[in-house]
Amino acid sequence: MLDTATLATRTDEILAAHLAREGALLPILHDIQAEFGYIPQECLPQIARALNISRAEVHGVVSFYHDFREVPAGRHVVKLCRAEACQAMGADELSAHARAKLGVDWHETTPNGAVTLEPVFCLGLCACGPAAIVDGKLIARLDTAKLDAILGDLA
Amino acid sequence: MKIYLPLDSVAVALGADDIAAAITAHASKTGAQIELIRNGSRGMVWLEPLVEVETPAGRMGFGPFTPADIPALFGDLAQHPKALGLVEALPWMAGQTRLTFARCGVIDPLNFNDFNANGGFAGLTRALDMASADIVAEVTASGLRGRGGAGFPTGIKWKTVADAKAAQKYIVCNADEGDSATFADRMLMEGDPLTLIEGMVIAGLATGATKGFVYIRSEYPIAIEVMERAVLLARANGVLGASVMGRGPAFDMEIRVGAGAYVCGEETSLLNSLEGKRGVVRAKPPLPALQGFMGQPTVVNNVISLASIPVIMAKGAAHYAAIGLGRSRGTIPLQIAGNVKYGGLFEVGFGLTLGQIVDDIAGGTATGRPVKAVQVGGPLGAYFPRALFDTPFGYEEFAGKEGLIGHAGLTVFDDSADMLAQARFAMEFCAIESCGKCTPCRIGAVRGVETVDRIAKGDAAAIPLLTDLCATMKSGSLCALGGFTPYPVLSALNHFPADFARSKEAAE
Ligand SMILES: Cc1cc2nc3c(=O)[nH]c(=O)nc-3n(C[C@H](O)[C@H](O)[C@H](O)COP(=O)(O)O)c2cc1C
Ligand code: SF4
Ligand code: FES
């Protein structure tokens, strides 16, 4: 778990790096999430104060965007593309297979905390689908065998 | 030996980084002298990873490449099992009119001299000697229309910003590219980022803007990295900074990253997001051109619109305007995706028919089954049946068939596709991505999913409800997310009625 002192210090450093920018909130939130893996509730008042906006406004922004997490993810994050071009290559069947295999639905984490499964709507790999991004690494031309191998390594 | 291997997302997603490491390891083991260049992609996705080797005759291609193919690269190239011949002579390459993508896949994207030596900055150099109004007039004369989807004339937008009086104006590049089947922005940013920067600088000269932003979706980690590095490179070489190329006004820019919201591709939502707010759509007026980023006059243009400016300035408006069909002037980078034999990016003048694109260029489906439908223009675009394959690729031509070309993405489906499921997905996507501002979109899309589910259960009475709902969404939505979701839904229903005629028994 994060201790509050470290959290406050790192948040201050991130704030200092961005405060001079026009429209600094998204860059700040991206860095907070990169640092802690999610946007801890405890950071919000500090961010709000620095930007001179309300805590509710910061929360409104965090909750609007699909990327920002309010709770930590599993140790690995698997995002499978659900958009049309990947559907045309069997993405629906592939994600059904992944959900069954992991025993989770979209946005859920396996009970052992290993894998969080999320949808993504297009990775720009639409001529070599189905596509995925696993812990930030792009993967194309997926099939069940390739996916099983990846999931096997993560579990 | 000079070897090229793309750093493009497609190549990387298919193992290019491992191949690069293996090539380097092989060379150091055998003592072979190589120079490995990570270029952009040529856009022939079915051949990726595509390795190229420079020879006296030209660049020879090898692909789709695997690590096992490495040793043979150091033998007789013509005998290599993956040899494709000269890349530029391949029919896919020879059939194109590459203007915007002329350097993509050819040069090292992060080599300033390589860019310069291949025609880079020719457009900017010319623009620096022109009056602002003349640059705007040149862009207007080219006939260039926004490639982000709405097709608004770029020159007219620039004129509005140029004529606005303000202490600070902005150029915002829309690199949110959320539509499925589109990847032209990504390929350009990864393969020739300095062209986009050049286009944005010219936009600044034309309008009096001195600050630019590129808003890139977070799903594009490689494009973000390449663009960040290209901005540093341009700044270090004096293209960006206090005086453009040491003789122009100031212009500088920043890369910003989205956070996974499709609606942030809509220009006013994007501006809110850039300002650090929720990506809610703003009502227009005021136009962003007059009150955009931070309330100041702002050009918002798509990546391809801006990246087409340098070649228009370099070759002249007349050269660009001579290509195309009707009111769709110039070239369009078609992005052919989904279930296709040959998928990728094909830049060509407007005017090919849908059938030529799907049957001739894409070679039909990857599965070898008949084509059932082609969705043109992303998730808000209509599904086209074979009966409409004679539609020429142009803004007005597609609008005339109850469709749109959008950002020029095409998704091909074979006959196993269930069009009712596709209609359901269109509604589901709208419900997930709605910014929440208007009821017909926010609530209507949820009702839409339920209504399609009723039809799937054999309730034919729900079909008119779906049609009514689409009419409400069309007329009562502030932006095209709610307003155009009816396109895929109604085209699926109208062109493929059999998929909606479910009997009650079959559903049970
Ligand atoms: C829901 C929605 C999503 C959009 N997504 C994009 C996008 O990802 N990229 C883009 O350039 N334009 C997108 N647009 C269009 C923009 O609002 C705007 O028209 C465009 O950025 C203007 O640039 P252009 O004139 O160069 O096309 C979208 C519009 C809507 C309604
Ligand atoms: S149509 Fe939908 S996305 Fe567009 S403004 Fe209305 S609620 Fe927002
Ligand atoms: S549709 Fe899946 S990567 Fe674009």
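A, B, ... follow the sequence lines: proteins, then strands. Residue 1 opens every chain.
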Phe425(B) to Ala83(A) - nearest heavy-atom pair and separation: CZ-CA, 4.2 Å

Phe429(B) and Phe121(A) aromatic centres sub-6.0 Å: yes

Contact winner vs chain B - Ala127(A), Ala132(A), Gly136(A), heavy-atom pairs under 4.5 Å: Ala127(A)

Residue pair Glu219(B), Ile133(A): steps toward the side chain to side chain contact (heavy atoms under 4.5 Å, CB included) verdict: CA-CA 9 Å; Glu219(B) 293 85 349; Ile133(A) 183 163; over 6 Å; no

Region of Val61(A) in contact with chain B, defined by heavy-atom distances below 4.5 Å: both

Between Pro221(B), Pro379(B), Gly178(B), Ser416(B), the one whose heavy-atom pairs under 4.5 Å with chain A are most numerous: Pro379(B)

Chain B contacts, top residue of Arg21(A), Lys137(A), Met89(A), Lys79(A) (heavy-atom pairs, under 4.5 Å): Arg21(A)

Tyr65(A) (side chain) donor-acceptor with Gly258(B) (main chain) under 3.5 angstrom: no

Heavy-atom proximity to chain A below 4.5 Å, by part of Thr182(B): backbone

For the student: nearest non-hydrogen atoms of Thr411(B) and Ala85(A), plus distance: CG2-CA, 3.4 Å

Expected output: side-chain Arg256(B) to main-chain Gly23(A) donor-acceptor under 3.5 Å: yes

Minimum heavy-atom distance between Gly260(B) and Asp67(A), given as atom pair plus value: N-OD2, 3.4 Å

Chain A contact via Val263(B) - which portion, at a heavy-atom distance below 4.5 Å: side chain

Structural part of Ile255(B) lying under 4.5 Å from a heavy atom of chain A: backbone

Side chain / backbone / both / neither for Ala417(B) at chain A, heavy atoms under 4.5 Å: neither

Student check: side-chain heavy atoms of Glu57(A) and Lys277(B) closer than 4.5 Å: no

Which atom of Leu138(A) lies closest to which atom of Ile222(B), heavy atoms considered: CD1-CD1, 4.0 Å

Lys146(A) atom NZ, neighbour heavy-atom count above 12 within 6.0 Å: yes

Carboxylate-amine/guanidinium contact Glu22(A) Lys211(B), below 4.0 Å: yes

Closest non-hydrogen atom pair, Leu26(A) against Ala259(B): CD2-CB, 4.4 Å

Side-chain touch His66(A)/Ile432(B), heavy atoms, less than 4.5 angstrom: yes

Chain A contact via Ala366(B) - which portion, at a heavy-atom distance below 4.5 Å: side chain

Check: Ser9(B) and Leu123(A) side chains under 4.5 Å, non-hydrogen atoms: no

Under 3.5 Å: donor-acceptor pair, side chain of Arg278(B), backbone of Phe64(A): no

Top contributor to chain A contacts, counting heavy-atom pairs under 4.5 Å, from Ser218(B), Ala223(B), Cys264(B), Ser273(B): Ser273(B)

Under 4.5 Å from a heavy atom of chain A, the part of Tyr262(B) involved: neither

Heavy-atom contact with chain A under 4.5 Å, split by part of Glu428(B): side chain

Region of Glu254(B) that comes under 4.5 Å of a non-hydrogen atom in chain A: side chain

Top contributor to chain B contacts, counting heavy-atom pairs under 4.5 Å, from Cys81(A), Ser63(A), Cys128(A): Cys128(A)

Atom of Trp46(B), atom of Arg141(A) and distance for their closest heavy-atom approach: CA-NH2, 3.6 Å

Toward chain A, the part of Ser180(B) with a non-hydrogen atom under 4.5 Å: both

Steps toward side chain to side chain contact (heavy atoms under 4.5 Å, CB included) verdict (Phe183(B), Cys122(A)): CA-CA 9 Å; Phe183(B) 42 83; Cys122(A) 192; over 6 Å; no

Rounded distance [0.5 Å steps], CG in Leu410(B) versus CD in Glu84(A): 12.5 Å

Heavy-atom contact with chain A under 4.5 Å, split by part of Gln375(B): side chain

Atom group of Asp8(B) that falls short of 4.5 Å from chain A, counting heavy atoms: neither

